[in-house]
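First up is the structure itself, then whatever we jot down about it.
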Amino acid sequence: MRVLVTGGAGFIGSHVVEALAARGHEPVVFDVRTDAGSDVRDRDAVLRALPGVDAVCHQAAMVGLGNGFTDAAEYVSRNDFGTAVLLTAMAEAGVRRLVLAGSMVVYGEGRYVCAQHGAVRPGPRTVADLAAGRFEPGCPACGRDLSPGLVGEDAPADPRNVYAATKLAQEHLAAAWARATGGWAVSLRYHNVYGPGMPRDTPYAGVASFFRSALARGEAPRVFEDGRQRRDFVHVRDVAAANVVALEAASADGALTAYNTGSGEPHTVGEMAGALSFAYGGPEPVVTGEYRLGDVRHITADSSRLRSRLGWKPEIGFQEGMREFARAGLRGE
């Protein structure tokens, strides 16, 4: 199968390209990093790349928090307008298979249960609570402590920053494309992806890269809040394998299906920083109590749908992955 991989020279995209080639497919890289003319917002450039292509794996995106609105137009241009141009070109070229790099950020906070009120959805945390060190969201009905759990794909979307809003819009665009063309689309909602080749020292790289970059400078990783915020850290090669599985399972049926793509093993940010520091042999993490408005407290995945329907499962465990990541180089080193 000939697969156009947008963003194929990036962190995740490059691993997808390797995984496709290892399975005997023909990946075609479409990325402004290697060719300034390969911009998904350029309809003519996309159309020139599509002849002979059987499927598209859409990894190209502007990533990060998108906390404010200073760069909102750039996020929308790269992520949503770019996706719209890509899908329009695919419709014209008759390409009917799409795997989209989705994100867990579309959920906002994760799943919580109150002992009295059952499953609840707390609102965004306030500046006053965060500044006072009250990091755990309370029940919106009674204020009691909540128990975090795994969030499934059917949970309501609640994007809480510009980046999250654009990732949800990408899914809606892909669903509309699938209905209009009879195509088949998958959104793999990535959780916290880490591994070799992460970019260093960039606001868009993610917490794992921040910590690894600090260790490379001989500094202690700085952990925000109390370090107990829960995440699902999934290795980039497992994510790449999920893309290949999804592409191979594709069949045109006019629908989009979302799949959480996580390890299924929640760990705290503090645990991750500690494991990485230990594996690297660097200074122990420092828990700072600092916070970023817009960050969610807990978000961990129920990835059983991807496992049961497509037969995917992660192969790289947390400790093994952290040991490898500690030794691996980062982009820009």
Side-chain angles (χ1 to χ4, degrees), residues 64-69 102-169 171-172 187 189-193 206-208 222-234 258-274 285-308 318:
L65 282 176
N67 278 343
F69 266 77
S103 176
M104 55 84 178
V105 296
V106 301
Y107 297 118
E109 284 284 355
R111 183 176 185 272
Y112 292 88
V113 174
C114 171
Q116 179 176 350
H117 296 96
V120 295
R121 291 184 63 80
R125 296 178 295 170
T126 66
V127 172
D129 281 343
L130 292 169
R134 294 188 292 269
F135 301 123
E136 292 289 345
C139 174
C142 66
R144 292 185 179 182
D145 291 342
L146 299 172
S147 299
L150 301 181
V151 62
E153 293 90 348
D154 295 330
D158 185 17
R160 296 190 175 182
N161 55 54
V162 171
Y163 170 63
T166 64
K167 297 307 289 184
L168 183 58
E171 290 192 357
H172 290 320
S187 177
R189 291 176 175 171
Y190 301 158
H191 281 247
N192 290 74
V193 186
V207 67
R222 294 176 60 82
V223 180
F224 280 13
E225 301 187 16
D226 57 5
R228 297 176 184 171
Q229 55 271 51
R230 288 157 50 101
R231 297 291 186 269
D232 187 320
F233 299 100
V234 58
Y259 292 100
N260 284 333
T261 307
S263 71
E265 298 179 359
H267 291 275
T268 68
V269 172
E271 281 183 90
M272 189 272 283
V286 175
V287 178
T288 68
E290 297 173 273
Y291 63 89
R292 292 185 301 193
L293 193 63
D295 277 1
V296 298
R297 178 62 173 173
H298 304 295
I299 177 67
T300 53
D302 177 355
S303 298
S304 59
R305 176 185 288 181
L306 183 57
R307 295 171 185 243
S308 63
F318 178 75

Reported [atom1]-to-[atom2] distance for the pair [X] and [Y], which is rounded to 0.5 angstrom:
| X | Y | atom1 | atom2 | answer |
| --- | --- | --- | --- | --- |
| Gln229 | Phe135 | CD | CZ | 8.0 Å |
| His191 | Ser263 | NE2 | OG | 9.5 Å |
| Lys167 | His172 | NZ | NE2 | 13.0 Å |
| Tyr163 | Leu168 | OH | CG | 12.0 Å |
| Tyr259 | Ser304 | OH | OG | 11.0 Å |

**Message:** If we check side-chain contact (heavy atoms from CB on, under 4.5 Å) with Arg231, which of these qualifies: Val207, Thr268, Val296?
**Reply:** Val296
Any idea which heavy atoms bring [X] and [Y] closest together, and the distance?
| X | Y | answer |
| --- | --- | --- |
| Val223 | Pro285 | CG2-CB, 3.9 Å |
| Val120 | Cys139 | CG1-SG, 4.2 Å |
| Ala155 | Val151 | CB-CG2, 3.5 Å |
| Gly108 | Ile299 | O-CD1, 4.1 Å |
| Thr300 | Asp232 | CG2-N, 4.0 Å |
| Tyr291 | Val127 | OH-CG1, 3.7 Å |

**Asked** Does atom CG of Asp145 have more than 12 heavy-atom neighbours, drawn from other residues, nucleotides or ligands, at distances under 6.0 Å?
**Response** no
**Prompt:** Counting only heavy atoms not in Arg111, do more than 12 sit closer than 6.0 Å to its CZ atom?
**Reply:** no
In plain terms, say whether [X] and [Y] are close enough for a salt bridge, that is, a side-chain N and a carboxylate O under 4.0 Å apart.
| X | Y | value |
| --- | --- | --- |
| Arg305 | Asp154 | yes |
| Glu225 | Arg297 | yes |
| Arg222 | Glu290 | yes |

N/O donor-acceptor pair under 3.5 Å between [X] side chain and [Y] backbone:
| X | Y | answer |
| --- | --- | --- |
| His298 | Pro148 | no |
| Arg134 | Thr126 | no |
| Gln116 | Cys114 | no |

**Request:** Could you tell me which residues satisfy side-chain hydrogen bond (donor to acceptor under 3.5 Å, both in side chains) with Arg189, sequence neighbours excluded, listed by chain and number?
**Result:** Tyr107, Glu171
**Asked** Under the side-chain hydrogen bond (donor to acceptor under 3.5 Å, both in side chains) test, which residues partner Ser103, sequence neighbours left out?
**Response** none
Can you confirm whether [X] sits close enough to [Y] that some side-chain heavy atom of one is under 4.5 Å from a side-chain heavy atom of the other?
| X | Y | answer |
| --- | --- | --- |
| Tyr190 | Val234 | no |
| Pro156 | Arg121 | yes |
| Thr166 | Pro159 | no |
| Tyr112 | Pro122 | yes |

**Request:** Could you walk me through whether Leu293 and Arg125 pass side chain to side chain contact (heavy atoms under 4.5 Å, CB included), step by step?
**Result:** CA-CA 8 Å; Leu293 193 63; Arg125 296 178 295 170; over 6 Å; no
**Request:** Step through it carefully: locate the ring centre of His267, locate the ring centre of Phe318, and say whether they are under 6.0 Å apart.
**Result:** yes
**Request:** For the pair Thr261 and Leu306, evaluate side chain to side chain contact (heavy atoms under 4.5 Å, CB included) and give the outcome as yes or no after the intermediate values.
**Result:** CA-CA 7 Å; Thr261 307; Leu306 183 57; 3.8 Å; yes
